[in-house]
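Okay, structure first, notes after.
The figures that follow rest on heavy atoms only: side chains count, while hydrogens, waters and symmetry mates do not.
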Amino acid sequence: FPSHDTSAHTVPWSNKEIREQGLVLNYLQERFAKKAIQSDLQDTSTVQKGPVEHLLNKIEGVSNISCYEMAHCLHPTPAVAGFPVAESIEYILENEQHKRLLYAGCWGYINEEGDGLLSVNLRCLHWRNGKATLYMGAGIMPESDADAEWLETCTKSETLMNILQSLDWISSPAEVHKE
């Protein structure tokens, strides 16, 4: 796994979180290698997004593939689908009771020269007919604690909930129906 610069992170990352990140990075590097993308993996750092801290790895590279092909390399990762990815997707499609819709994906930009920045997005808000549905998940590993994962998922939802409150689309989190 890559080296970690977590100087801004106050609590040490657990082995579970480091293993999750490593699975995703190894998967992406294999995908990039299959497309002959020469990539440079930066050290892992910690980034704060709303109330949640995340492990972050920037990967820089040069490629002749299209933006669409690059997005396909980035999605779905094991962080979204599970690992091994193909078997996990099959299991999800057969067993999950709801459709994921906008559960995750990638976002960013590509300019006219083909340079750009793409990121994997693990949280989404779907607004339809006056109803907002928030999608977020947890990284489940063999050593995961169900209560801790649920708490993490609730914490991740706070950023989107705060946006909805700031727009006066909801008056308080008490209005939220959890499915």
Side-chain angles (χ1 to χ4, degrees), residues 1-6 9 11-50 52-61 63 65-108 117-126 133-157 159-160 179:
F1 296 124
S3 61
H4 296 287
D5 171 18
T6 58
H9 186 63
V11 178
W13 291 105
S14 71
N15 287 336
K16 172 200 166 285
E17 294 156 330
I18 293 169
R19 281 187 348 105
E20 284 175 342
Q21 186 78 355
L23 280 171
V24 172
L25 294 172
N26 289 341
Y27 177 80
L28 289 175
Q29 288 179 307
E30 288 175 14
R31 301 273 300 204
F32 293 159
K34 288 180 183 176
K35 295 283 187 178
I37 300 170
Q38 297 178 345
S39 62
D40 177 30
L41 176 65
Q42 306 295 310
D43 285 346
T44 305
S45 61
T46 299
V47 63
Q48 181 84 31
K49 296 291 182 184
V52 182
E53 290 184 322
H54 302 272
L55 290 169
L56 170 71
N57 286 91
K58 292 183 178 181
I59 304 172
E60 296 181 356
S63 174
I65 68 172
S66 70
C67 177
Y68 176 81
E69 288 176 288
M70 180 58 74
H72 187 67
C73 283
L74 294 173
H75 181 73
T77 72
V80 173
F83 190 80
V85 173
E87 291 86 346
S88 296
I89 290 172
E90 184 177 318
Y91 179 85
I92 289 166
L93 291 173
E94 290 176 6
N95 293 283
E96 234 175 36
Q97 295 178 13
H98 67 280
K99 298 295 180 205
R100 290 191 173 202
L101 299 173
L102 300 173
Y103 185 81
C106 56
W107 63 274
L117 175 68
L118 295 175
S119 296
V120 175
N121 183 31
L122 298 177
R123 279 172 245 21
C124 295
L125 181 150
H126 181 225
T133 304
L134 306 181
Y135 294 92
M136 60 233 30
I140 307 300
M141 300 287 282
E143 62 270 30
S144 291
D145 173 82
D147 290 335
E149 296 295 346
W150 174 250
L151 180 60
E152 179 182 334
T153 302
C154 291
T155 302
K156 289 175 180 177
S157 73
T159 301
L160 293 174
E179 294 183 14

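In this structure, K34 does not pair ionically with E30, as no charged nitrogen and carboxylate oxygen lie closer than 4.0 Å.
With rounding to the nearest 0.5 Å, the separation of OG1 in T77 from OH in Y27 is 8.0 Å. Atom CD of E17 sits about 11.5 Å away from atom NE2 of H54, to the nearest 0.5 Å. Once rounded to the nearest 0.5 Å, the distance linking OG of S144 with CD of E20 reads 6.5 Å. Annotation: the span from S39 atom OG to L28 atom CG amounts to 9.0 Å, rounded to 0.5 Å. A distance of 10.5 Å separates OG1 of T159 from CG of L134, quoted to the nearest 0.5 Å. From E60, atom CD reaches atom CG of D40 across 6.0 Å, with rounding to the nearest 0.5 Å.
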N/O donor-acceptor pairs under 3.5 Å from side chains in residues 82-94, not counting sequence neighbours:
from, atom 1, to, atom 2, distance (Å)
S88, OG, F83, N, 3.2
S88, OG, P84, O, 2.8

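A 6.0 Å sphere centred on CD of Q38 holds no more than 12 heavy atoms belonging to other residues, nucleotides or ligands. In the displayed structure, H126 atom NE2 is contacted under 6.0 Å by more than 12 heavy atoms of other residues, nucleotides or ligands.
Taking the side chain as every heavy atom from C-beta outward, K16 and E149 approach each other to under 4.5 Å. Side chains of L41 and Q29 form a contact here, defined as non-hydrogen atoms less than 4.5 Å apart. Using a 4.5 Å cut-off on side-chain heavy atoms (C-beta onward), K35 and S63 make no contact. Put simply, the side chain of P142 reaches to within 4.5 Å of the side chain of R19, judged on heavy atoms. Considering only heavy atoms from C-beta on, I59 comes within 4.5 Å of F32 through its side chain.
Here the shortest heavy-atom pairing between I65 and C73 reads CD1-SG, 4.4 Å. Contact detail for S157 and M136: the closest heavy-atom pair is CB-SD, 3.1 Å.
With sequence neighbours excluded, the residues that form a salt bridge (Lys or Arg N to Asp or Glu O under 4.0 Å) with E96 are R100. In this structure, the side-chain contact (heavy atoms from CB on, under 4.5 Å) partners of D145, at least two apart in sequence or on a different chain, are D147, A148.
Test N57, I18, L56 against T44 for side chain to side chain contact (heavy atoms under 4.5 Å, CB included) and you get one pass: N57.
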